Amino acid sequence: MKLPTGQSGCFFYPGAFDRDQQKSLVETIRSVLQAAPLYQPVMPRTGKPFSVRMSNCGTLGWVSDKDGYRYQPTHPVTGEPWPAIPAALKELWAVVAPDCREPEACLINWYAPDAKMGMHQDRDEKTFDAPVVSVSLGDDALFKLGGTQRGGPTESIRLASGDVLVMGGESRLCFHGITRLYPGTSTLLDAPGRINLTLRRVTA
Ligand code: MD3
Ligand code: FE
């Protein structure tokens, strides 16, 4: 997919997971969340809470607290190691990023109907060689994608349940965010909301 700002390396696979696969993935994520519960991260310095609740699986998980953003091997609340990345997600990575080493981190974002994610770059990893691979589950969301400079032109893409987005190459450092949800557009989850899974390579 060609971005408005001309970056290459972005691939969008609408409906990559069918309904049965989405159901099974949700069940798997539910069991991950029993071991590693969703928690509410806060912004560095200000301590302002994110509207998105988060957890992780993998050898490293992305966390944010008053001290900053970082990857760490344990859950910030329970102190336990993160659960392993489920096989279905490792298989997805092997298909879309066959030349990359295995993913180390899978961030689990849970959006209530009114949650948003401001425009940001994903740049807390030690390497940007591997793509970020994301899976959307549940209600539709409006995803906003810009270039590598803040404040440039953007485009918006409506992400639906089962969609996969691969952001590699020149697109890896593009600014992006979630503007809004469309509550009630999916019957996958028991309640309105959205789950986003993002797989990443953290170390070189
Ligand atoms: C574009 N998550 O976890 S996923 C994040 O839907 C994040 O929860 C959003 O941004 C969500 O950091 C968007 C799609 C995505 C993920 C990584 C990207 C888009 C990206 C990295 C670079 C550019
Ligand atoms: Fe991001």
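Everything numeric here is computed off the predicted structure, so don't read it as measured data. Read the numbers this way: they start at 1 and go in the same order the structure lists the ligands and their atoms.
- Listed here is the closest heavy atom pair of Leu38 and Ser55: CD2-N, 3.9 Å.
- Under the 30°/60° scheme for interplanar angles, the aromatic rings of His176 and Phe143 are found to be tilted.
- Protein neighbours of ligand 1 below 4.0 Å, counting non-hydrogen atoms: Leu107, Asn109, Tyr111, Met117, His120, Asp122, Val132, Ser134, Phe143, Leu165, Met167, Ser171, Arg172, Cys174, His176, Ile178, Arg194, Asn196, Thr198, Arg200.
- Using a cutoff of 4.0 Å between basic side-chain nitrogens and carboxylate oxygens, Asp190 and Arg30 are scored as salt-bridged.
- Shown here is Gln149, whose CD atom has no more than 12 heavy atoms of other residues, nucleotides or ligands within 6.0 Å.
- Side-chain atoms of Trp62 and Asp124 include a donor-acceptor pair closer than 3.5 Å.
- When distances from the Fe ion (ligand 2) to the N, O or S atoms of Asp122 are compared, OD1 comes out shortest.
- The atom name of the N/O/S atom in His120 closest to the Fe ion (ligand 2) is NE2.
- Between Trp82 and His75, the ring planes lie tilted relative to each other; the angle falls in the 30° to 60° range.
- With no hydrogens or angles considered, no side-chain donor-acceptor pair links Glu80 and Thr74 at under 3.5 Å.
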